[in-house]
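Report on one structure; see the data block that follows.
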Amino acid sequence: MALVNEHFLKLPDNYLFDDIAKKINAFKVMRPKADVISLGIGDVTQPLCPAVIEAMHRATDEMGNPASFHGYGPEQGYDFLREAILKNDFLSRGIHLDIDEIFVNDGAKSDTGNIQELIRWDNSIGVTDPIYPVYIDSNVMIGRAGTVENGRWSNVIYLPCTAENGFLPQIPEDRHVDVIYLCYPNNPTGTVISKQELRKWVNYALKNDTLIFFDAAYQAYIQDDDIPHSIYEIRGAKRCAIEFHSYSKTAGFTGLRCGYTIVPKDLTAATLDGNRIALNPLWYRRQCTKFNGASYISQRAAEAIYTPEGKEQVKQIIDYYMQNARRMLTTLRSLGYECYGGENAPYIWMRTPNGCSSWQFFEQLLYGANVVCTPGIGFGPAGENYIRFTAFGSHESTAEALERIANWSIG
Ligand SMILES: *Cc1c(COP(=O)(O)O)cnc(C)c1O
């Protein structure tokens, strides 16, 4: 008899964005003429930059010619891309990596979800709360998260990040965390972590034999010089951290798919009898078995981001979104709303006024201003009484949405 993996049945039925879509549909039935603007989108809207498009055209032509055709590539990625990553994303910040520590992938979601295969089923998991749902759900699917009650999993240690603690996860004193997921700049709060605060986590990890999964998907949005782009800017991190990068939000690759993961050779985890096992060869083995590489065309596209033209063009797109973020912060704050993030990330995390619940405010904003946001509670218990706005819209639609929010708030 084929028995189903019942851990899947524990996952909540409704995914946040389905609930949002349902509420928008209900609104549209009532007000068919209303034109709704979304400041809730989690996808980029600006097209790929010219340097990337040219590289893809060239790569496509190569694929059509027997002399330059590329079939299966190396599972861990082509050297041309891994060398560009090494030089531009790490060496430029004084971080020395070996090329075999870089694993090119089809985006960060796959690897942030898959990486937990490297650790035993009974490790304790720590997450900042609110959080990108993939980290918890991927652990639920194999039974590591335990059971759920009131939106909390029994084997997950939640580290609340709220205005009260400056959105900084506090190191838990009562429970040992075997594995911790950190994401900075953060989705959904748009907040960042300083080197000093990140150093506390690296030191905790080294001292307590904790593994850090560091999601750097938004590092390209960092504007302040002293905010770390990589956890390896912290001494000792190569012995305790795996880091995830993505070209999705950096360069508009959400539909193209490419990213990479760093698994340092110095990184080890223990067996039950105390032997230290290097994780890099394990991840290599895992990828060779379950992954056949990102496409040649995607990897050539990613390489183009590191050319002088590519860098300039990508920077312009990021500046475009960050202009939205600045406008949003200025307008919302002038209306008296309490806002966080948005300075080094494309997300603004806003406290709902008068203790309104996330979903209540979502509905008020939808019906009052015809603007969509994302309810903070959808990202975890500590997201209650907050909502998320994204800066991924066009300048025009963002400006229009802000005007509507202003009229609604004042009126
Ligand atoms: C968007 C996002 C990713 C990247 O997803 P891709 O699979 O690379 O498109 C990873 N982590 C977080 C927190 C994200 O918001």
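This structure is a prediction, so every number in the text was calculated from the model and none was measured. Starting from 1, each residue takes its place in the sequence as its number. Ligands are counted one by one from 1 in listed order, and the atoms in each one are counted from 1 as well.
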Atom 2 (C) of ligand 1 sits nearest the protein heavy atom Lys249 NZ, 2.5 Å
With heavy atoms and a 4.0 Å threshold, my read on which part of Phe253 contacts ligand 1 is neither
among protein heavy atoms, the one nearest atom 7 (O) of ligand 1 is Arg257 NH2, 2.7 Å
inquiry  = Does any N or O of ligand 1 fall below 3.5 Å from an N or O anywhere on Asn187, backbone included?
reply    = yes
Indicate the ring-plane relationship of Trp201 and Tyr204, choosing parallel, tilted or perpendicular according to the 30° and 60° boundaries.
perpendicular
of all protein heavy atoms, closest to atom 11 (N) of ligand 1 is Asp215 OD2, 2.7 Å
For residues 205-220, the salt bridge (Lys or Arg N to Asp or Glu O under 4.0 Å) pairs (sequence neighbours left out) are Asp209-Arg276
Notebook entry, point to check: Closer than 4.0 angstrom: is that true for some heavy atom of Cys183 and an atom of ligand 1?
Noted result: yes
Ranked by distance from atom 5 (O) of ligand 1, the top protein heavy atom is Lys109 N, 3.8 Å
So for Ala217 against ligand 1, with non-hydrogen atoms under 4.0 Å, the contacting part is side chain
Can you tell whether the side chains of Arg58 and Asp61 come within less than 4.0 Å, N to carboxylate O? no
Note: ligand 1 atoms sitting under 4.0 Å from heavy atoms of Gly107 are 7 (O), 8 (O)
For the pair Arg326 and Glu343, find out whether any cationic side-chain nitrogen is under 4.0 Å from an anionic carboxylate oxygen. no
Check your understanding: Within the structure, does Asp106 bring an N/O atom to less than 3.5 angstrom of an N/O atom in ligand 1?
Key -> no
Does ligand 1 have an atom that lies less than 4.0 angstrom from a heavy atom of Tyr218? yes
> Looking at Asp178 and Arg120, does any basic side-chain N land under 4.0 Å from a carboxylate oxygen?
Replying inline: no
Does the distance from a Lys or Arg side-chain N to an Asp or Glu carboxylate O, for Lys23 and Asp19, drop under 4.0 Å? no
Among Ser248, Gly255, Gly259, closest by heavy atom to atom 9 (O) of ligand 1 is Ser248
Rounded to the nearest 0.5 angstrom, the OH-CD1 distance for Tyr386 and Ile377 is 12.0 Å
Residues 225-240 vs salt bridge (Lys or Arg N to Asp or Glu O under 4.0 Å), sequence neighbours excluded, gives Lys195-Glu233
Are the charged groups of Lys10 and Asp137 less than 4.0 angstrom apart, N to O? no
Here the atoms of ligand 1 under 4.0 Å from any heavy atom belonging to Ala108 are 4 (C), 6 (P), 7 (O), 8 (O), 10 (C)
At a 4.0 Å cut-off, with the gap strictly under it, does some heavy atom of Thr254 reach an atom of ligand 1? no
